[in-house]
> 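Sharing a structure here in structure tokens format.
Along the sequence shown, the residues carry numbers beginning at 1. None of the values given here were measured: they were computed from a predicted structure.
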Amino acid sequence: MSLDITAEKKALRRSMFQLRAEMSFDSRRSAEQIITETVLQHPAYQQARQIFCYVSMPHEVCTKTLLSSALQDGKILGLPVCEPQSCTMTFYRLDALSELQTGAFRIPIPPVSQDRILTPDADTLMIVPMLAYDAEGYRLGAGGGYYDRYLERYQIRTLGICYADCRQTQLPHDAFDRRLDCCVTEQKTEDFYG
């Protein structure tokens, strides 16, 4: 990745964190409710047997209802566990929200054991976190590259969730960045197939 793109992404991350910090509690909660309902009604979610999601951090669209709904809907729910030394992540099955424990970067994770490792297949939908996205389906993540590395290895249907105000016309990106299949905001759903 070029120094210019790295610097642009870093500046944009600061801007997106600031924008989210300035959003009112009520507007965020309202947006999150609409986003959650839209995802749960989306054909990609309804048809998926296996859902890969994440436990949201304070700056991200809240996923608590998505996680509990996936479990109630009988989906196999996988959550990522990051390995900082190798900069990789593995998805492990979560059977109940009460199983969550603290992992790397203080992110809640499922129990880590060999029998809980999940591999994506044609019936898997990955719900992807992001700070921003653009008109071509590129996303701006937190900067670790975990999702891009994972999506380079596996062909998975991806659905990003984001606040509408964080949509950009064009994000800086390079060959390492993976495009999303779809993005849901409180204002609209955009598909980026092909």
> Please check: side-chain N/O of D73 versus main-chain N/O of K75, any donor-acceptor pairing under 3.5 Å?
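Checked: no pair found.
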> Are the side chains of Y133 and R167 in contact, using a 4.5 Å heavy-atom criterion?
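The answer is yes; the side chains approach within 4.5 Å.
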> With clusters defined by side-chain heavy atoms of hydrophobic residues (ILVMFWY) lying less than 4.5 Å apart, directly or transitively, does I161 cluster with L67?
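In one cluster: yes.
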> Indicate, with yes or no, if L71 and L40 share a hydrophobic cluster defined by side-chain heavy-atom contacts under 4.5 Å among Ile, Leu, Val, Met, Phe, Trp and Tyr.
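Yes, it is one cluster - the side chains of L40 and L71 are joined through contacts under 4.5 Å.
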> I'd like to know if the side chain of E32 pairs up with that of Y163 as donor and acceptor (distance under 3.5 Å, no hydrogens or angles considered).
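Distance-only check passes for E32 and Y163.
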> Of all residues at least two apart in sequence or in a different chain, which pass the ring pair (Phe, Tyr, Trp, His ring centres under 6.0 Å) check with F52?
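Applying ring pair (Phe, Tyr, Trp, His ring centres under 6.0 Å) to F52 gives F91.
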> In sequence, state the C-alpha distance, the side-chain angles, and the governing distance for Y45 and L66, and then conclude on side chain to side chain contact (heavy atoms under 4.5 Å, CB included).
CA-CA 10 Å; Y45 172 84; L66 282 176; 5.6 Å; no
> Just by distance, with hydrogens left out, do E60 and Y54 show a side-chain donor and acceptor under 3.5 Å apart?
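Checked: E60/Y54 side chains show no N/O donor-acceptor pair below 3.5 Å.
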> Please give me the minimum heavy-atom distance between L125 and A48, naming the atom from each residue.
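Smallest interatomic distance, heavy atoms only, reads CB-CB, 3.9 Å.
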> Going only through I, L, V, M, F, W and Y residues with side-chain contacts under 4.5 Å, is there a path from L151 to V81?
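Cluster IDs for L151 and V81 differ.
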> Quick one: are K10 and R14 in side-chain contact, heavy atoms under 4.5 Å?
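Yes, their side chains come closer than 4.5 Å.
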> Would you find a donor on one side and an acceptor on the other, under 3.5 Å apart, between the side chain of E190 and the backbone of A135?
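The answer is no, because no donor-acceptor pair under 3.5 Å joins these two groups.
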> With a 3.5 Å cut-off and no angle check, do the side chains of S24 and D26 form a donor-acceptor pair?
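The answer is no; no qualifying pair exists.
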> Give me the atom names and distance for the closest heavy-atom approach of G141 to R139.
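For G141 and R139, the tightest heavy-atom pair comes out as CA-NH2, 3.5 Å.
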> Does any part of the side chain of P108, heavy atoms only, come nearer than 4.5 Å to the side chain of M57, both counted from C-beta?
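Answer yes - side chains close enough.
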> More than 12 heavy atoms of other residues, nucleotides or ligands under 6.0 Å from CD of E37: yes or no?
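Yes, CD of E37 has more than 12 neighbouring heavy atoms, counting only those of other groups under 6.0 Å.
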> In terms of hydrophobic clusters joined by side-chain contacts under 4.5 Å, are V112 and L94 together?
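No, V112 and L94 fall in different hydrophobic clusters.
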> Could you check whether any side-chain heavy atom of E152 comes within less than 4.5 Å of a side-chain heavy atom of F176, counting everything from C-beta outward?
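Side chain of E152 against side chain of F176, heavy atoms only: contact under 4.5 Å found.
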> Hey, does the side chain of D181 reach the backbone of L159 with a donor-acceptor pair shorter than 3.5 angstrom?
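No: the side chain of D181 does not pair with the backbone of L159.
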> Side chain to side chain contact (heavy atoms under 4.5 Å, CB included) for L131 and C166? Distances and angles first, verdict last.
CA-CA 7 Å; L131 292 171; C166 298; over 6 Å; no
> For the hydrophobic clusters of this structure (ILVMFWY residues joined by side-chain heavy atoms under 4.5 Å, transitively), does one cluster hold both I109 and L97?
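Cluster IDs for I109 and L97 differ.
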> Please report the shortest heavy-atom distance between L19 and D165, naming the atom on each side.
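Result for this residue pair: CD1-O, 3.8 Å.
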> Taking only residues two or more places apart in sequence, or in another chain, which ones meet H42 in a ring pair (Phe, Tyr, Trp, His ring centres under 6.0 Å)?
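Scan of H42 (ring pair (Phe, Tyr, Trp, His ring centres under 6.0 Å), adjacent residues dropped) gives none.
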> Where is the tightest heavy-atom contact between V61 and R20, given as atom of each residue plus distance?
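Of all heavy-atom pairs spanning V61 and R20, the closest is N-NH1, 4.3 Å.
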> Is a side-chain N or O of R116 found less than 3.5 angstrom from the main chain of R93, in a donor-acceptor match?
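Yes.
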> Kindly indicate whether the side chain of M16, heavy atoms from C-beta on, has any atom under 4.5 Å from the side chain of M130.
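The answer is no; the side chains never approach within 4.5 Å.
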> Is there a side-chain contact between Y150 and P80 in this structure, where contact means two heavy atoms from C-beta onward sitting under 4.5 Å apart?
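Y150 vs P80: side chains apart.
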> Quick one: does M126's side chain get under 4.5 Å of Y154's, heavy atoms only?
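No, too far: nothing below the 4.5 Å cut-off.
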> Got a donor-acceptor contact below 3.5 angstrom from the R149 side chain to the G144 backbone?
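Looks like yes, one N/O pair under 3.5 Å.
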> Would you sort out whether T158 and R178 count as a side chain to side chain contact (heavy atoms under 4.5 Å, CB included), showing the intermediate values?
CA-CA 10 Å; T158 53; R178 306 286 115 195; over 6 Å; no
> Can you find a pair of side-chain heavy atoms, one from Y92 and one from L118, that are under 4.5 Å apart?
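A side-chain contact is absent here, since even the closest heavy-atom pair is not under 4.5 Å.
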> Is the side chain of T124 donor-acceptor paired with the backbone N or O of I156 at a distance under 3.5 Å, no angle test?
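Side chain of T124 to backbone of I156: no pair is present.
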> Please find the pair of heavy atoms, one from L171 and one from A132, that lie closest to each other, and give the distance.
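It is CD1-O, 3.9 Å.
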> Could you tell me whether the side chain of K9 and the main chain of G143 form a donor-acceptor pair under 3.5 Å?
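Looks like no, no N/O pair under 3.5 Å.
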> Dump the intermediate steps for side chain to side chain contact (heavy atoms under 4.5 Å, CB included) on Y138 and Q170, then the final yes or no.
CA-CA 8 Å; Y138 286 103; Q170 187 173 33; over 6 Å; no
> If you look at every heavy atom in I35 and E186, which pair is closest and at what distance?
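Looks like CG1-N, 3.5 Å.
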> Can you measure from CD (Q187) to CD1 (I34) and round to the nearest 0.5 angstrom?
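If we round to the nearest 0.5 Å, Q187:CD and I34:CD1 are 9.0 Å apart.
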> Give a yes or no answer on whether the side chain of S68 reaches the backbone of T65 with a donor-acceptor pair at less than 3.5 Å.
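Side chain of S68 to backbone of T65: a pair is present.
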> Without swapping roles, check the side chain of T63 against the backbone of S56 for a donor-acceptor pair under 3.5 Å.
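Yes.
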> Would a distance-only check, ignoring hydrogens and angles, find a side-chain to backbone donor-acceptor pair under 3.5 Å from R179 to E136?
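Yes; judged by distance alone, with no hydrogens or angles, the pair exists.
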